Amino acid sequence: ACDDGNPCTTGDHCSGGACLAGAGLPIWFRDDDDDTYGDAAVTVCAASAPSGYVANDDDCCDGDSRVRPDQTAWFNEAYDCGAGPSFDYDCNATEEHRWTATGGGCRSSGTSCTSTVGFEGSAAPACGASGTWVAGCDFLFCSPTTESRTQECR
């Protein structure tokens, strides 16, 4: 009999002077926020998932159920899981902006008015920051119709 040092194998055995791993038990990952994604750093080996454990270890913030790989919603406030604030709600290592259009404004040419929808200027605001969004134009005076918009991200 021998022990290969892996707590998830059973029936380890010696062969030719080496310890060979026996049958493996599945590894389960703690899911503290009940979002079906677990923490890769907190594991247990068992034939079936113990209560509070799942098979998927892709959670990047196991303390906030809004933060998970399948997240499709947008947020205007950052979360903090101990490593500092982040907007990476879908765990893909990128903070994606919801609104990226820039150069918003109105341009008159003769008797016509052309509308460009988007944030004023050449850069969209950072996640959680606000900017002036041009939603359209008042065609009588060819002036922009604006609103303050807070950048949402995930």
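Quick note: residue numbers are just sequence positions, from 1. These figures come from a predicted structure and were not determined experimentally.
The side-chain contact (heavy atoms from CB on, under 4.5 Å) search around A46 returns W28, P50, not counting sequence neighbours. Considering only residues two or more places apart in sequence or on other chains, D39 meets the side-chain contact (heavy atoms from CB on, under 4.5 Å) condition with A41, V42, D62. Partners of D70 according to the salt bridge (Lys or Arg N to Asp or Glu O under 4.0 Å) rule, which considers only residues two or more places apart in sequence or in another chain, are R68. Here D33 pairs with nothing under the salt bridge (Lys or Arg N to Asp or Glu O under 4.0 Å) rule; sequence neighbours left out. For R107, there are no salt bridge (Lys or Arg N to Asp or Glu O under 4.0 Å) partners at least two apart in sequence or on another chain. Every residue was checked against the side-chain contact (heavy atoms from CB on, under 4.5 Å) condition with T114, not counting sequence neighbours, and none meets it. Considering only residues two or more places apart in sequence or on other chains, D64 meets the salt bridge (Lys or Arg N to Asp or Glu O under 4.0 Å) condition with R66. With sequence neighbours left out, the side-chain contact (heavy atoms from CB on, under 4.5 Å) criterion links D12 to C2, D3, D4, T9, C19, A21.
Between C106 and C142 the SG-SG gap reaches or exceeds 2.5 angstrom.
Under the 4.5 Å side-chain criterion, counting only non-hydrogen atoms from C-beta, V67 is in contact with C60.
Under the ring-ring contact (aromatic ring centres under 6.0 Å, His included) criterion, no residue pair touches residues 35-61, with sequence neighbours excluded.
One finds the CG atom of D58 at 10.0 Å from the OG1 atom of T36 (value rounded to the nearest 0.5 Å). For the atom pair CG (D59) and SG (C91), the distance works out to 5.5 Å, reported to the nearest 0.5 Å.
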Give every donor-acceptor pair under 3.5 Å between a side-chain atom in residues 96-105 and any protein atom, sequence neighbours left out.
unit_1, atom_1, unit_2, atom_2, d
E96, OE2, N92, ND2, 2.9
R98, NH1, E152, OE1, 2.5

Show the atom names and distances, to 0.1 Å, of all donor-acceptor pairs under 3.5 Å that link a side chain in residues 72-86 to residues at least two apart or in another chain.
unit_1, atom_1, unit_2, atom_2, d
Y79, OH, D88, O, 3.2
D80, OD1, G82, N, 2.8
D80, OD1, G84, N, 3.2
S86, OG, D88, N, 3.0

Run the side-chain donor-acceptor check on residues 116-138: report pairs under 3.5 Å with partners two or more places apart or on a different chain.
unit_1, atom_1, unit_2, atom_2, d
S130, OG, T150, OG1, 2.8
D138, OD1, L140, N, 3.0

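Minimum interatomic distance between S115 and F139 (heavy atoms only, all atoms of both residues): CB-CZ, 4.4 Å. Taking both residues in full, the closest heavy atoms of D90 and Q71 are given as CB-O, 3.6 Å, listed atom of the first, atom of the second, then distance.
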